There are 2 protein chains.
Amino acid sequence: MNHRLPMPARAKSAKKTAPDVCTEHHAPASHPDAKIPPLTLVESQRMGEFFAVLADPTRLRLVSLLASDEFCVCDLASSLSMTESAISHQLRALRAARLVSYRKEGRQVFYRLHDHHVLELYQTVREHLEE
Amino acid sequence: MNHRLPMPARAKSAKKTAPDVCTEHHAPASHPDAKIPPLTLVESQRMGEFFAVLADPTRLRLVSLLASDEFCVCDLASSLSMTESAISHQLRALRAARLVSYRKEGRQVFYRLHDHHVLELYQTVREHLEE
DNA sequence: CCAATATATGAACATACGCTCAGATATTGG
DNA sequence: CCAATATCTGAGCGTATGTTCATATATTGG
């Protein structure tokens, strides 16, 4: 069965030159213009957490609402026909990822997208999926 | 407790004018330049699935490797110090999401990024997280 | 044909996640 | 202060997901 176990030694040999792995190797070099080092484990975990926040339908619908205007939790819950508790939990995740900011006004808390980068990313992917 | 249950009627009232929800409403209108309709449930699910594929450290490291060159499964597994089975499962997910393409050459299968959109999205988010 | 190599796949297990429910916290009005 | 409103939070449940393990498929060499 698995003829190459985890192998702590050896790894990280593939950087920019052709990696000398497998019995024979044909070194295709299809992206010659690249100099980008691969993600480290920690970097990939960070990036994964970022994408994971956007990998939920409810949070994406929240972002799509906030792309047009500022809303309080109550309005967001009503717009999505969900409980305010569920929305509050999801807003917590969006806050932790710095995707939204908020502003307190009396008993209400108004949420908005954190900055233009969020709006741009959302619109880019939206257009990409509309093809 | 929850003073506003799922409410199937009523929802979808917040489109472009200020949504009339909550007892009092202060209509802040912070993004006046918007005309983007919010995501439907189905659209948000599609978009969520797309982000979910990129929400895993292993798949992101695979994308980061393929951003520089074309690799066979064996090389990818070796580079990440993981079993070829695990890598094959993840490549399957990347294939299903049309994020990678492949080319068979004898016993080996060489994977590459599907198109330049993938590379651009990856690089954009990478730069965004480097701040 | 058969052994070896390279990859793919299904089942199973452990973990992670989203929602609900109950309750806590905070602010306003009487 | 107390009731009502608006939001937040922790525990628990059901489901989804990534890896391992065993096995299957496919291609090459002898």
Side-chain angles (χ1 to χ4, degrees), chain A residues 1-7 19 21-26 41 44-45 48-49 51-62 70-78 80-97 100 102-111, chain B residues 1-7 19 21-26 41 44-45 48-49 51-62 70-97 100-111:
Chain A
M1 65 199 93
N2 60 4
H3 57 114
R4 189 174 289 130
L5 280 162
M7 269 174 70
V21 196
C22 287
T23 308
E24 321 126 34
H25 189 68
H26 296 267
L41 183 56
S44 70
Q45 286 166 344
E49 286 166 16
F51 278 119
V53 177
L54 293 171
D56 177 73
T58 300
R59 287 193 291 267
L60 283 173
R61 294 173 85 198
L62 289 173
E70 193 182 44
F71 288 102
C72 66
V73 179
C74 180
D75 288 355
L76 292 169
S78 168
L80 300 188
S81 300
M82 294 178 64
T83 67
E84 289 155 17
S85 175
I87 298 304
S88 186
H89 276 293
Q90 300 298 39
L91 287 171
R92 179 189 174 94
L94 291 170
R95 259 183 300 157
V100 302
Y102 63 95
R103 167 178 74 83
K104 297 186 72 170
E105 186 170 324
R107 280 175 288 209
Q108 302 185 55
V109 179
F110 289 92
Y111 282 83
Chain B
M1 65 200 95
N2 61 4
H3 58 115
R4 189 174 288 132
L5 280 161
M7 268 173 69
V21 196
C22 287
T23 308
E24 322 126 32
H25 189 69
H26 297 267
L41 183 56
S44 69
Q45 286 166 344
E49 285 167 17
F51 279 119
V53 178
L54 294 171
D56 177 73
T58 300
R59 288 193 291 268
L60 283 173
R61 294 173 85 197
L62 289 173
E70 194 181 43
F71 288 102
C72 66
V73 179
C74 181
D75 288 356
L76 292 169
S78 169
S79 293
L80 300 189
S81 300
M82 295 179 62
T83 67
E84 288 155 17
S85 175
I87 298 303
S88 185
H89 276 293
Q90 300 299 39
L91 287 171
R92 179 188 173 95
L94 291 171
R95 260 184 300 158
V100 303
S101 304
Y102 63 94
R103 168 178 75 83
K104 297 186 74 170
E105 186 170 326
R107 280 175 287 207
Q108 302 185 57
V109 179
F110 288 93
Y111 282 84

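So you know, we letter chains A, B, ... as the sequences are listed, proteins then strands, and number each from 1. Quick caveat, the model's predicted, so the values are computed rather than measured. Atom set for the values below is all heavy atoms of this structure, side chains included, hydrogens, waters and symmetry mates excluded.
Across the protein-nucleic acid pair, B:Gln108 atom CD and C:dA4 atom P stand 19 Å apart, rounded to whole Å. D:dT19 atom C1' lies 14 Å from atom CG of B:Leu80, rounded to whole Å. One interatomic measurement links the two molecules: CZ of B:Phe110 to C1' of C:dT7, which rounds to 12 Å at whole-angstrom precision. When the C1' atom of D:dA24 is taken as reference, atom CD of B:Glu84 falls 15 Å away, rounded to whole Å. The CG atom of A:Leu91 sits 11 Å away from the P atom of D:dT9 (whole-angstrom rounding). B:Gln45 has its CD atom 12 Å from the P atom of D:dA16, to the nearest Å. Rounded to whole Å, the distance from CZ on A:Phe51 to C1' on D:dG18 is 18 Å.
Residue B:Tyr111 has no polar side-chain atom (N or O) positioned under 4.0 Å from OP1 or OP2 of C:dA6. Taking side-chain N and O atoms only, B:Arg103 has no distance below 4.0 Å to OP1 or OP2 of C:dT7. Of the side-chain N and O atoms in B:Thr83, one or more sit less than 4.0 angstrom from OP1 or OP2 of D:dT20. OP1 or OP2 of C:dA8 has not a single side-chain nitrogen or oxygen of B:Arg92 nearer than 4.0 Å.
The side-chain heavy atoms of A:Val53 and A:Glu49, taken from C-beta on, include no pair separated by under 4.5 Å. Between B:Leu91 and B:Tyr102 there is no side-chain heavy-atom pair separated by less than 4.5 Å. Residues A:Gln90 and A:Met82 form no side-chain contact, since every pair of their non-hydrogen atoms from C-beta on lies 4.5 Å or further apart.
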Under 3.5 Å, which protein N or O atoms sit close to an N or O of nucleotides 25-29 of chain C? Give each pair with its distance.
none

Distances under 3.5 Å between protein N/O atoms and the N/O atoms of nucleotides 16-18 of chain C, please, pair by pair.
from	atom 1	to	atom 2	distance (Å)
C:dG18	OP1	A:Arg59	NH1	2.9
C:dG18	OP1	A:Arg59	NH2	2.5
C:dG18	OP2	A:Arg59	NH1	3.4

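Summarising the geometry, atom CZ belonging to A:Arg103 is positioned 10.0 Å from atom SG belonging to A:Cys72; distances are rounded to the nearest 0.5 Å. With values rounded to the nearest 0.5 angstrom, B:Phe110 atom CZ is found 15.0 Å from B:Ser101 atom OG. The OG1 atom of B:Thr58 lies 11.5 Å from the CG atom of B:Leu76; values are rounded to the nearest 0.5 Å.
Considering only residues two or more places apart in sequence or on other chains, A:Ala93 meets the side chain to side chain contact (heavy atoms under 4.5 Å, CB included) condition with A:Arg59.
For C:dT7, its base never sits under 3.5 Å from the side chain of B:Ser85 at any donor and acceptor pair.
Once the 5.5 Å centre distance and the 30° plane angle are applied, the aromatic ring of B:His89 is found stacked with the base of C:dT9.
Of all heavy-atom pairs between A:Phe51 and B:Leu60, the closest is CE1-CD2, 4.0 Å. In this structure, B:Arg95 and B:Val100 approach most closely via the heavy-atom pair N-CG2, 3.7 Å.
D:dG30 is paired with C:dC1 under the criterion used here, namely a Watson-Crick or G-U wobble arrangement in which both key atom distances are under 3.5 Å.
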